[in-house]
Amino acid sequence: MKAAVYRRFGGPEVVRLEEQPKPAPRRGELLVKVQAATVSAADYRARTKHVPKGLKLLSSITLGFITPRIPVLGMDIAGVVESVGPDVARFKPGDEVIAMLGGTFGGHAEYVTVPQDGAITTKPPNLTFEEAASLVFGGITAQAFLGRTGMGPGTSVLVNGASGAVGTAAVQLANTAGAHVTAVCSGTNADLVRSLGAETVVDYTKEDFTQETAAYDVIVDCVGNVPFRQLQPLIKPGGALLSVIADLIGVLAAGLRSRRTGTHITAGNVPFIAADLAHIAQLAESGQLRPVIDRSFDLTDIAQAHRHVSTGRKRGNVVVRVAVASTRRPSVE
Ligand SMILES: NC(=O)c1ccc[n+]([C@@H]2O[C@H](COP(=O)([O-])OP(=O)(O)OC[C@H]3O[C@@H](n4cnc5c(N)ncnc54)[C@H](OP(=O)(O)O)[C@@H]3O)[C@@H](O)[C@H]2O)c1
């Protein structure tokens with residue numbers, strides 16, 4: 001099978017197409033023929049080892065110290081179950097699925113194995129594979145974090161970094177729950193986040209949201225550029241801070257800071273579970289969650305997709321069409 005492989009850490013050019021052995025599903029696993037995936041912020045971090053302060057050593061244990069330990073990136077997929085291993089009852093060949101592979105990666109390949117009890121669910125039938133793939137990374141992350149709050153009608157939610165994969169999902173999930181959403185993004189993305197349900201938009205290139213007098217029940221921080229001491233006064237008593245991206249101190253101090261301030265802090269990695277993905281899929285099927293795709297690339301052009309993600313400016317998601325891989329030659333960069 002064709003797979004996008006990286007053998008050393010570095011720029012987008014380190015990712016190349018290679019022939020790899022097609023995996024076989026083991027007990028409890030499905031073999032999925034991947035139709036589409038995304039190049040996400042996590043792929044960027046894994047490829048470059050550009051991780052938040054203090055997390056380099058810890059991340060090297062999973063990513064590799066000198067050379068990449070997991071050669072095929074891609075945290076999310078939309079595809080079709082090709083075959084199943086022993087003891088698989090929940091899915092059968094031909095089922096259309098979406099899955100979050102998380103830290104095992106492997107989605108940038110024509111086939112990947114997924115445990116049936118992993119973060120996998122039926123693909124919303126009304127969406128294309130590309131659209132469905134674009135829901136997974138941001139959607140499951142936003143749901144995993146927001147699900148830890150009592151968010152509901154009337155809750156005030158600020159999303160910092162509202163135009164990225166996680167941000168665009170968080171804005172929509174909060175809006176769907178009846179929350180009042182304030183989105184922080186650059187002016188160029190103001191119309192996008194308004195169309196997703198943000199009531200108020202703060203253009204961070206012109207205004208500093210930490211200088212506003214408003215306070216929120218929930219702050220979702222997808223950027224990690226504001227210290228806790230500046231965020232905390234913006235959170236109402238008993239409110240929540242969801243640090244989707246946090247440095248080592250932010251992760252380690254979350255418990256202590258929660259006890260000291262009464263703010264419920266979730267920082268760093270959260271488990272990705274099938275129930276959250278199923279919720280996302282159901283919202284998408286009923287039209288309450290919209291896929292946000294910036295650009296799509298063929299697998300043969302994966303380095304270009306990485307290059308676009310490396311800008312840090314993508315709007316929503318960058319999709320990779322995997323199923324066309326064997327029918328096209330790479331375009332010249
Ligand atoms: N904890 C977890 O399990 C978990 C899961 C997923 C992701 N993450 C992390 O969460 C972060 C967000 O992920 P993502 O996928 O949403 O990233 P992303 O899609 O790459 O984010 C790109 C967006 O960030 C915006 N942005 C950049 N600088 C900004 C600033 N100063 N203020 C506001 N917006 C800014 C950009 O908008 P403009 O072009 O308008 O600036 C762009 O739309 C990443 O660091 C990622 O590694 C963590």
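In listed order, ligands and their atoms are each counted from 1. Predicted, not measured: the structure shown is a model, and the values here were computed from it.
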Within-shell test, [X] vs ligand 1, heavy atom, strictly < 4.0 Å:
X: G268; answer: yes
X: N225; answer: yes
X: C222; answer: yes
X: G312; answer: yes

*Report yes if V244 has an N/O atom closer than 3.5 Å to an N/O atom of ligand 1; otherwise report no.*
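Indeed, backbone or side chain, V244 has an N or O that close.
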*Could an N or O of ligand 1 be found under 3.5 Å from any N or O of T188, whether backbone or side chain?*
no
*E18 vs R7, side-chain contact (heavy atoms from CB on, under 4.5 Å): CA-CA, chis, key distance, verdict*: CA-CA 11 Å; E18 273 185 22; R7 301 283 177 195; 2.7 Å; yes
Please list, in number order, the atoms of ligand 1 under 4.0 Å from a heavy atom of [X].
X: F145; value: 1 (N)
X: V166; value: 6 (C), 7 (C), 13 (O), 14 (P), 15 (O), 16 (O)
X: G161; value: 33 (C), 34 (N)
X: T141; value: 4 (C), 5 (C), 6 (C)

*Cation-pi geometry met for K123 and F129 (6.0 Å, 45°)*: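 Judged by the rule (NZ or CZ under 6.0 Å from the ring centre, within 45° of its axis), K123 counts as positioned above F129.
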*Indicate yes or no: does E110 engage K33 in a salt bridge with an N to O separation below 4.0 Å.*
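A salt bridge is absent here (no side-chain N lies under 4.0 Å from a carboxylate O).
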*Among all protein heavy atoms, pick out the one at the shortest distance from atom 17 (O) of ligand 1; state its residue, atom name and that distance to 0.1 Å.*
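Ranked first by proximity to atom 17 (O) of ligand 1 is A41 CB, 3.8 Å.
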_Residue, atom name and distance, where the atom is the protein heavy atom closest to atom 42 (C) of ligand 1_ =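 Going atom by atom, the protein heavy atom closest to atom 42 (C) of ligand 1 ends up being K314 O, 3.1 Å.
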